[in-house]
Amino acid sequence: MEERVEHSPKKLRPRHITMITLGGIIGSSLFVGSANIVHSVGPAAVLSYLAGGLLVYLAMLMLGEMAAARPEVGSFMEYARVGLGDWAAYLVGWLYWYFWVGVLAYEAVIGGHTLNGWFDWLPSWVWSLLLLAVFVASNLISVRSFGEAEFWLASIKVIAIVVFLVVGTLFVLGLWPDGNFAVENLWQHGGFAPKGVGAILTGVALVIFSYFGTEISVMASAESEDPAKGVKLATVTVIWRVLLFFVGSILIITMAIPWDALPEATGVSNAPFTVLFEKFGIPAASVIMELVIFSAVLSVLNSGLYSASRMFAALADKGLAPKAVSYKARNGVPVVAVFASTIGGVIAAVANFVAPDSGIFDFIMNSAGLVALFVYVFIALTQLRLRQKMTPEEVAGLGVRVRFFPWLNVFLIAGVLVVVVIMLTTDTGRTQVWTSLVATGVLVLFWPVVRRKLQAMRAAGEEPEKVLARD
């Protein structure tokens, strides 16, 4: 008889995990930014998205194996601590938190500008702060309120893409009104790869960051009613989600309209999805896409604050951040971590509005550029180390298991190194690399202080998390 899982008002349900998984990586980078990738690569941009998706899938599979063995933890920072040591947890945890603080600021600025365009009776910076306040409230109420908000926001994005894929497929096959068989656009107009193989590889470096955010679903699974089932669901759905949503969308775009005739995307009105929805005859396409992209901004704000606060609280639990940050309310929400993460986002957003030419906001955004790649390398190294510690019986009992071990780990790390090398060949990529290294260097400087604190606690016979739990 199947065991029934009781619904808890403080836990996420399967539908929440499903939609967090489906919508975790869908943002304006797909709806708008995909035009730049197509212009840079041509129809072969499909291969760039496919290769980038493969790297992310491998990282998620490795994270899923670790989470399946310890589903109640849900934080790859903790896996890094167990597998590689405190130094690894310190670096990956703080970098991940820093990344999401920057994303909060960026999305708040975009959301503020959008609302100011609709309702100009309030300045953009006020709208930005109001948006942050709304999602602070959403995250403070309970983890269920976060999940419910993400469910509906992600649903809007998913529905938009599903409609695009269905109508787009009919259109390029000539089965939609005013549609013509257009599959040949993939190889006409200069060929499938008009910019060459090098452009495909450069495209991988551009799209890899579009996929960052998939790990949120694994973190959220730890707060679900059935963590083990949630982890498996979050992991195994990644590959078809990547293929269907990202690769499928790029296929439709490059078939429905010649790649060299696709307008430069400078905003929602000439974004690929908007242009093609109008071509399909969908009424008010521009207005619809404005609402969809705004919902994507809200979704990232919601999930970004969740991710940042959970990671910050996890750092504090292990003595790697001020212990006050680990405080949780009765509903299990890390209240101090939520506010602290928001303050970081507010400072970055205010810097953009008050001193737009100071370079502060740009530095914060650029210096988070390599975080995704750092995280993937740490995941590969951690899973490699933890698997080596397991017995054959433990490996055989894993609910999610990485095949071809350890060769896929080597492949993932090598793939990340290739992406970094490619980034060094472009001005924007070089800026992201050196600013990310500066941010990492600052963390390294503070590590001896944190290490001495941990050593003092352990010399007293107390683990950091035990001290915090008692306090």
Side-chain angles (χ1 to χ4, degrees), residues 55-56 58-100 212 214-215 218-219 222 231 235 307 310-321 326 368 370-391 394-395 398 400-402 404-417 419-420 436-437 439-459 463-466 468:
L55 293 179
V56 175
L58 292 178
M60 278 295 294
L61 192 59
M62 293 169 193
L63 179 59
E65 178 181 298
M66 295 185 289
R70 300 173 177 83
E72 73 285 349
V73 176
S75 169
F76 52 85
M77 184 275 291
E78 173 61 5
Y79 305 141
R81 187 182 77 91
V82 175
L84 302 176
D86 293 320
W87 67 271
Y90 167 79
L91 277 180
V92 75
W94 275 102
L95 284 172
Y96 189 76
W97 178 80
Y98 180 64
F99 170 84
W100 280 112
F212 199 53
T214 53
E215 72 292 329
V218 176
M219 295 173 66
V231 165
T235 303
S307 300
R310 266 39 178 197
M311 183 57 74
F312 208 7
L315 283 164
D317 281 338
K318 305 305 177 186
L320 301 172
S326 67
L370 279 185
V371 169
L373 301 179
F374 284 151
V375 169
Y376 295 152
V377 169
F378 272 111
I379 287 175
L381 293 174
T382 302
Q383 188 269 335
L384 177 66
R385 187 71 185 112
L386 290 179
R387 173 73 80 86
Q388 290 172 339
K389 294 180 178 180
M390 298 176 72
T391 65
E394 289 174 329
V395 172
L398 287 171
V400 177
R401 183 169 55 170
V402 177
F404 307 111
F405 176 86
W407 301 112
L408 289 183
N409 302 69
V410 175
F411 180 82
L412 175 57
I413 295 171
V416 168
L417 292 176
V419 171
V420 173
S436 296
L437 292 177
T440 305
V442 171
L443 285 175
V444 171
L445 288 177
F446 281 98
W447 168 239
V449 177
V450 177
R451 182 177 57 191
R452 282 196 295 270
K453 173 187 172 185
L454 290 174
Q455 290 172 342
M457 288 181 173
R458 285 163 184 163
E463 286 292 318
E465 55 268 31
K466 294 179 181 177
L468 296 172

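As a basis for the values below, the full set of heavy atoms in this structure was taken, side chains included, without hydrogen atoms, waters or symmetry mates.
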Subject >> Nearest-0.5 Å distance that lies between atom CG in D86 and atom CG in L320 >> reply: 6.0 Å
Original post:
Are the side chain of R81 and the backbone N or O of K318 linked by a donor-acceptor pair below 3.5 Å?
Top reply: no
Original post:
So which heavy atom on A80 is nearest to which on V92, and how close?
Top reply: CB-CG1, 4.2 Å
**OP:** Provide the closest heavy-atom pair for T382 versus Y79 in the form atom of the first, atom of the second, distance.
**Re:** CG2-O, 3.0 Å
Subject >> Closest approach of V82 to K389 (non-hydrogen atoms, all atoms of both residues) >> reply: O-NZ, 3.2 Å
Subject >> Expected output: side-chain W447 to main-chain L91 donor-acceptor under 3.5 Å >> reply: no
Original post:
What pair of heavy atoms forms the shortest contact from G83 to L386, and how long is it?
Top reply: CA-CD2, 3.7 Å
**OP:** Would you give the length of the straight line joining atom CD1 of I379 to atom CE of M66, rounded to the nearest 0.5 angstrom?
**Re:** 5.5 Å
**OP:** Nearest 0.5 Å please: distance from the CZ atom of R401 over to the CE atom of M390.
**Re:** 9.5 Å
Original post:
At what distance, to the nearest 0.5 angstrom, does CG of L58 lie from CG of L412?
Top reply: 6.0 Å
**OP:** Kindly compute the distance separating CE (M77) from CG (D317), expressed to the nearest 0.5 Å.
**Re:** 7.5 Å
Subject >> Y90 and R451: CA distance, side-chain angles, deciding distance, side-chain contact (heavy atoms from CB on, under 4.5 Å) verdict >> reply: CA-CA 10 Å; Y90 167 79; R451 182 177 57 191; over 6 Å; no
**OP:** Could you list the residues that satisfy side chain to side chain contact (heavy atoms under 4.5 Å, CB included) with S307, not counting sequence neighbours?
**Re:** Y96, W100, I216
Original post:
At what distance, to the nearest 0.5 angstrom, does CD of Q383 lie from CZ of F76?
Top reply: 15.0 Å
Original post:
Run the side-chain contact (heavy atoms from CB on, under 4.5 Å) check on L384 and R387 step by step: do they pass?
Top reply: CA-CA 5 Å; L384 177 66; R387 173 73 80 86; over 6 Å; no
Subject >> Sole residue of V371, V56, L55, I413 in side-chain contact (heavy atoms from CB on, under 4.5 Å) with Y376 >> reply: V56
Original post:
Is the number of heavy atoms from other residues, nucleotides or ligands under 6.0 Å of F374 CZ greater than 12?
Top reply: yes
**OP:** Please assess V375 against L95 for the test side-chain contact (heavy atoms from CB on, under 4.5 Å), listing each intermediate value before the final yes or no.
**Re:** CA-CA 9 Å; V375 169; L95 284 172; over 6 Å; no
Original post:
Which atom names give the shortest non-hydrogen contact between L84 and A88, and what distance separates them?
Top reply: CB-CB, 3.6 Å
**OP:** Could you check whether the rings of W97 and F312 sit parallel, tilted or perpendicular, using 30° and 60° as the cut-offs?
**Re:** tilted
